[in-house]
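A short write-up of the structure that comes next.
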Number of protein chains: 2
Amino acid sequence: MTANTLKRQPLYVQVKQLLLQRMGEGEWRAHDALPSEWELAGELGASQGTVRKALSELESAGLLYRQQGRGTYVAPVPGDWGDAVLLTPGLFSEPPDELAREFLGLSRLNASEDIADALQLRRLAPLLRIRQLWRWHGAPVALDDVLLPAEAFEGMEARWLRNSAGVYATLQQRFGVRLRVRSEQFRAEMLPREEAGLLGVTGMVADVPALCLLRLSESMDGRPLEWRQRYCLTHQLAYTVKHD
Amino acid sequence: MTANTLKRQPLYVQVKQLLLQRMGEGEWRAHDALPSEWELAGELGASQGTVRKALSELESAGLLYRQQGRGTYVAPVPGDWGDAVLLTPGLFSEPPDELAREFLGLSRLNASEDIADALQLRRLAPLLRIRQLWRWHGAPVALDDVLLPAEAFEGMEARWLRNSAGVYATLQQRFGVRLRVRSEQFRAEMLPREEAGLLGVTGMVADVPALCLLRLSESMDGRPLEWRQRYCLTHQLAYTVKHD
DNA sequence: GAGTGGTCTAGACCACGGG
DNA sequence: CCGTGGTCTAGACCACTCA
């Protein structure tokens, strides 16, 4: 890599950033093959070992997958549910159930202090709010409020969200932005009235506890771009996170 | 590595396993320096690059930490709380609060079907149960039930647990077993009566929602060895998991 | 200055997948 | 068979820490 020093980043980091950029620009779609290690090495003027280190780190970050004897491929966008899985409680065996996602609406509001702080915006900054409902075997099990900085996603349209694989997929397809989870926060709460209505918990039933998940996500270059709140009903299903 | 092939594992994996074994046998204590890459390479008959790959993987697994210009050191045993942190809710800024751990008791019981299954034991297998309470600024915030296969930890004594940095630290010190989290499961529940008593939630107060965490941990060679259930009060504090 | 880990290179061989 | 990624080696230079 001739004279492309910039800020004296190690070469393999520069290779990573360059590949991330090209992936962000949509040069390759999910499951497309990247050039081989030797081709990239030639293109970029680095050795094959250096390219390998960059590719390996992108693989462990979940952006690529590699198969011996075949090649290196762009990994599909992770679903909105994240790495977690809904499970029947008490069991650690895992039938990865398909959850159905239902888009409820797109609206605008202004950031509260907490949210502005988390997203590194000024107070009352305009936000987009996306609501969606998760169903498992037809029954509502979770409700999402997704908050995005309006400035970063100007031109967002509800129909993009209605017919898509999820918010993350839409952001990547329409804005070339790929998000990753920075941190998640769990809390047990009594389900608020409004959310209870949307989740179909109505009437005389005693108050219901809900798992409240907050998730802060960022772009690949580290800017926080999504604040998500999820209310999960966990009578029937638990929220599982696998490690490694 | 001359003729130590075993089952045709890659050399760097064999190096990892050998180092894990020697760490498990207590050859080094926390913050002890390991031999340098070149010394290990000489000892084990591998190249320095291969040793480096093994060490790097152990570092990213959190078992070692390395400092340029100094050396490679054994990482301290993680606390019982795991990678998660208790936080004031709504905020993603992080004052890593010290939690006080209070040992409540050591008892024996027999495995239920679920737990025997998760720990890969026969039904009704004998278990050790360790109870402990977590306090934050004096107030109880969480209660742990730790279940361990009695067979694997015969001779466990309550006083070991009373005066220690936690269950994981005791297991490593007394039995040479280091655990890592395999999966965690979250659920919102109404706090059961017994746990409410231990957590100091008494009297006329309306029922309280609790975050119920299940954690399955395994030894470094992949045997499931701990089933843990934790009830967390999350009115004041939330349960946070950082990624990366 | 000596010793450590961090990066980078060049070359070798192996294991796997597919034509 | 070829091309791919996976492992392993040897050697070079750099950046950092510490005596």
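Just so it is clear: chains get the letters A, B, ... in the order the sequence lines come, proteins before strands, and each one is counted from 1.
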Separation of D:dC8 P from B:E37 CD (nearest whole Å): 15 Å
Is the count of non-hydrogen atoms from other residues, nucleotides or ligands lying under 6.0 Å from B:R22 atom CZ greater than 12? yes
Nearest whole angstrom, please: distance from the P of C:dG6 to the CD of A:Q14. 19 Å
Is the phosphate of C:dG6, meaning OP1 or OP2, less than 4.0 Å from a side-chain N or O of B:R66? yes
Look at B:R70 and C:dG3 and indicate whether a side-chain polar atom (N or O) is within less than 4.0 Å of OP1 or OP2. no
If you pin B:Q67 and A:V51 to their nearest nucleotides in DNA chain C, which one's is more 5'? B:Q67
Please work out which of the three classes, parallel, tilted or perpendicular, describes the rings of A:F175 and A:F153, given edges at 30° and 60°. perpendicular
When the distance from CG of A:L11 to P of C:dA10 is rounded to whole Å, what number comes out? 11 Å
Tell me whether the OP1 or OP2 atom of C:dG5 has a side-chain N or O from B:R52 closer than 4.0 Å. no
Could you tell me how far apart A:L64 (CG) and D:dT4 (C1') are, to the nearest whole angstrom? 15 Å
Starting at the 5' end of DNA chain C, which residue's closest nucleotide do you reach first, A:P10 or B:E39? B:E39
Consider the side chain of B:S47, meaning its heavy atoms from C-beta on, and name the nucleotide among C:dG5, C:dT9, D:dC8 that approaches it most closely. D:dC8
Check this one for me: any side-chain N or O of A:K53 less than 4.0 Å away from OP1 or OP2 of C:dC8? no
Roughly, in whole Å, what's the span from CH2 in A:W38 to P in C:dT9? 11 Å
Whole-Å distance separating the CD atom of B:E59 from the C1' atom of C:dG5: 10 Å
Mind checking if A:Q48 touches a base, just sugar-phosphate, or nothing, with heavy atoms under 4.0 Å? nothing
Under 4.0 Å between a side-chain N/O of A:Y12 and OP1 or OP2 of C:dC8, yes or no? no
Within this structure, what is the OH-to-P distance between B:Y73 and C:dG3, rounded to whole angstrom? 15 Å
Between the side chains of B:R215 and B:E226, is the shortest nitrogen-to-carboxylate-oxygen separation below 4.0 Å, so that they form an ion pair? no
Of the candidates D:dT7, C:dT4, C:dT7, the side chain of B:S36 sits closest to C:dT4
Hey, does the side chain of A:T72 come within less than 4.0 Å of D:dT4's phosphate (OP1/OP2), counting only N and O? no
Would you check if the side chain of B:Q14 reaches a backbone N or O of B:Q9 as a donor-acceptor pair within less than 3.5 Å? yes
Under 4.0 Å: is that the gap between some side-chain N or O of B:T50 and OP1 or OP2 of D:dT9? yes
B:R66/B:E59 ion pair, N-O < 4.0 Å: no
Out of C:dC16, C:dT7, D:dA15, whichever nucleotide has its closest atom nearest the side chain of A:Q68: C:dC16
